[in-house]
Amino acid sequence: MYIGVDYYPEHWPRERWETDARLMKEAGFNVVRMAEFAWIKMEPEEGRYEFSWLDEAIEILGSHGIKTILGTPTASMPAWVALKYPEVALVDKNGRRTPYGNRRFYCHSSATYRYLGQRITRAMAQHYSGNPHVIGWQIDNEFAGPKCYCETCLKTWHEWLKRKYGTIDRLNESWGTIFWSHCYRDFSEVPLPARESSNPSQQLDFARFHSAQVVSFQKNQVDIIRELCPDHFITHNFMGFAPEVDYYDLAKDLDFVSWDYYYNGAPYDKRLESYMSGAASHDLMRGVKGKNYWIMENSAGVLGWETMTRNLRPGEMRRMTFQNMAHGADGQVWFRWRTSRFGTEQYWHGLLSHDGIPGRRYHEAAGVAKELHNISAHIEGSSVVSRAAIMLSYEDRWALDIQKSSETLDYVKHLMKYYRALSRLGINVDFINQGQSLEGYKLLVMPTKFLLPEETAENVKNFVKNGGILITTFRSGVKDMNNLPYELTLPGLLREVTGVRVEEYEIIYNSTKYDVLMDGKTYKAQVFADWIIPETARALATYNEQGLTGYAAVTENSCGLGKAYYIGTEFESQEPYNELVARAVTESGIKAYGPLPEGVEVMVRTKGNTDFIFILNHSDAEVTVNTPDGLELLGGCTIKGQCTLPPGEVAVVKVDKEE
Ligand code: GAL
């Protein structure tokens with residue numbers, strides 16, 4: 001198993017490198033990521049390459065048994081690039097070219113920037129293809145936005161639209177440009193949607209266009225490395241729930257996904273929320289490629305650019321590393337080795353502080369590395385098998401960002417209510433894309449499935465008819481993939497499977513909440529209210545609000561061998577989600593280790609007939625979780641039916657299942 005740090009030898013005197021390598025080795029580290037921000041050191045002037053410093057660093061680390069992942073350096077360009085080729089800098093919505101400084105301000109469409117990026121990538125790949133210490137590559141760093149509105153983007157956009165629509169009439173029809181007389185006669189007339197409230201179909205296509213530009217920018221570099229370094233892996237460091245790029249597409253050209261996980265941005269007493277969104281991010285990062293992933297950057301201390309966050313509490317780094325592993329991480333890299341003295345990240349702490357002396361955080365990481373090496377033979381090759389899935393589509397996120405429907409609707413926050421309820425039950429959860437096969441799943445949560453392709457509606461219907469349990473919500477089935485509302489009564493293509501008709505709907509203002517009655521209890525509803533008339537469905541909850549009395553808020557519908565729940569509003573509290581999801585999970589027949597005490601996570605990795613049950617106690621209380629009999633790998637004790645953990649502890653229980 002690879003465990004290590006992000007290392008910036010270019011920030012430290014050459015005399016220090018040996019000490020760093022020795023300390024890393026003593027900590028049990030065997031990998032570093034380097035060079036992703038070192039373009040100026042590798043190409044100090046155009047076309048002149050300087051790799052001797054990096055060769056030396058790689059060699060020193062290599063002689064200590066530490067392998068290298070190289071980053072291609074395009075996230076931050078040297079000043080000579082910006083000065084010589086000003087057209088590579090991003091142009092904002094108002095037509096202003098971004099001044100030099102900071103990072104990530106290049107235009108992804110720029111042929112010049114792509115060329116310069118490919119050239120340094122090729123030079124690096126040629127130079128390092130035969131280096132025995134180099135094992136893989138990270139392309140660029142944290143692809144995302146911002147979107148660019150330059151002349152090159154405009155031209156590329158026209159070509160992209162032409163490829164997509166073929167004829168301008170088709171574009172006009174697909175976007176509904178007749179509205180406000182925005183019909184175009186030629187692709188060359190179509191602007192970038194820089195104005196507020198531009199046509200929503202145009203805006204959605206622009207989001208797709210931006211994402212596609214990023215994916216092809218990455219692919220340019222991937223192709224070079226694949227050709228020159230066929231034995232090296234290629235990854236990229238993703239950012240959890242970041243919305244700008246369709247991560248399913250970005251993941252396609254890579255060997256595996258990596259992601260950057262920083263979890264100490266909130267006060268310690270609010271940590272459980274950020275751990276929970278971390279847990280969901282892990283599952284999404286596993287989901288976008290459908291396989292195990294790496295952590296390429298992970299909290300190593302206080303974070304901060306201009307201001308700082310809290311520090312990591314003793315034991316927290318260890319526990320969170322096990323959270324990474326529990327959800328399917330196969331590699332663990334902390335950001336960064338030593339806290340920078342330079343630039344805007346002087347407060348973003350590494351395992352070592354500015355003084356370079358190994359302290360508490362270094363020793364804790366070394367302890368975890370040792371534990372991971374001890375259990376790696378067991379868990380290597382294991383994967384996370386889930387019977388429950390949440391459908392997450394980037395196109396829905398973009399469309400809901402363009403037209404939020406309700407000021408307070410937040411796609412991820414809403415989805416997290418379902419995730420939290422599933423996590424509390426101690427079951428594995430996958431994130432899946434629309435269009436993905438539903439085979440193997442017993443429960444599908446499909447929150448705010450705003451844009452609903454016909455094939456997805458069909459798949460979901462068959463899934464339920466064949467015995468699956470579906471949970472879907474308000475703002476589902478509203479639009480087609482052109483971002484145009486269907487000419488159907490809502491929930492449109494989901495009407496048969498959910499057995500409901502949404503007669504009318506409205507938003508719920510943030511200043512008020514509606515009462516909803518369910519199972520003899522009253523809950524507060526917010527964000528949105530579908531006024532539901534059950535057709536074949538049965539009402540589980542009804543509104544108690546002037547004018548809405550008699551309308552259902554939550555329904556269930558048997559359809560074929562399965563069942564569909566429709567939740568027409570967002571509840572303020574977590575409790576109704578816990579109850580509804582628990583009910584759906586029971587009906588689905590999925591084996592659950594919960595309900596778990598607050599702050600406890602259970603995830604299972606499986607290899608052949610062996611389960612590895614990861615139990616994490618993030619809480620301040622001692623907890624007991626029911627498990628099958630097995631062997632706890634970290635402490636080496638036998639588990640009989642129950643595992644008890646003190647506050648902050650973790651356990652990995654190995655259970656051999658019967659054939
Ligand atoms: C990450 C980024 C790193 C470093 C870190 C701390 O998002 O990939 O390069 O900047 O944040 O700011």
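For ligands, and for the atoms within them, numbers begin at 1 and follow the listed sequence.
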Does atom OH of Y347 have more than 12 heavy-atom neighbours from other groups under 6.0 Å away? no
Closest approach of any protein heavy atom to atom 11 (O) of ligand 1, naming residue and atom: E297 OE1, 3.7 Å
Taking the basic N atoms (NZ, or NE/NH1/NH2) and the acidic carboxylate oxygens, is any pair closer than 4.0 Å for R226 and D223? no
By number and element, which atoms of ligand 1 are closer than 4.0 Å to a non-hydrogen atom of F37? 9 (O)
Would you find more than 12 non-hydrogen atoms of other residues, nucleotides or ligands less than 6.0 Å from Y115 atom OH? no
the protein heavy atom lying closest to atom 10 (O) of ligand 1 turns out to be E345 OE2, 2.2 Å
Using distance alone, determine whether W305 and ligand 1 share an N or O pair under 3.5 Å. yes
Hey, are E142 and R104 close enough for a salt bridge, meaning a charged N less than 4.0 Å from a carboxylate O? no
With heavy-atom distances below 4.5 Å as the criterion, would you say the side chains of Y7 and T68 are in contact? no
What part of D260, side chain, backbone, both or neither, has a heavy atom within less than 4.0 angstrom of ligand 1? side chain
What part of N141, side chain, backbone, both or neither, has a heavy atom within less than 4.0 angstrom of ligand 1? side chain
More than 12 heavy atoms of other residues, nucleotides or ligands under 6.0 Å from NZ of K219: is that the case? no
When you measure from the heavy atoms of R103 to every atom of ligand 1, does any distance fall below 4.0 Å? yes
Would one find more than 12 heavy atoms of other residues, nucleotides or ligands at under 6.0 Å from atom CZ of R341? no
Atoms in ligand 1 flagged as close to E142, the criterion being non-hydrogen separation under 4.0 Å: 1 (C), 2 (C), 7 (O), 8 (O)
Please list, in number order, the atoms of ligand 1 under 4.0 Å from a heavy atom of F335. 3 (C), 4 (C), 5 (C), 6 (C)
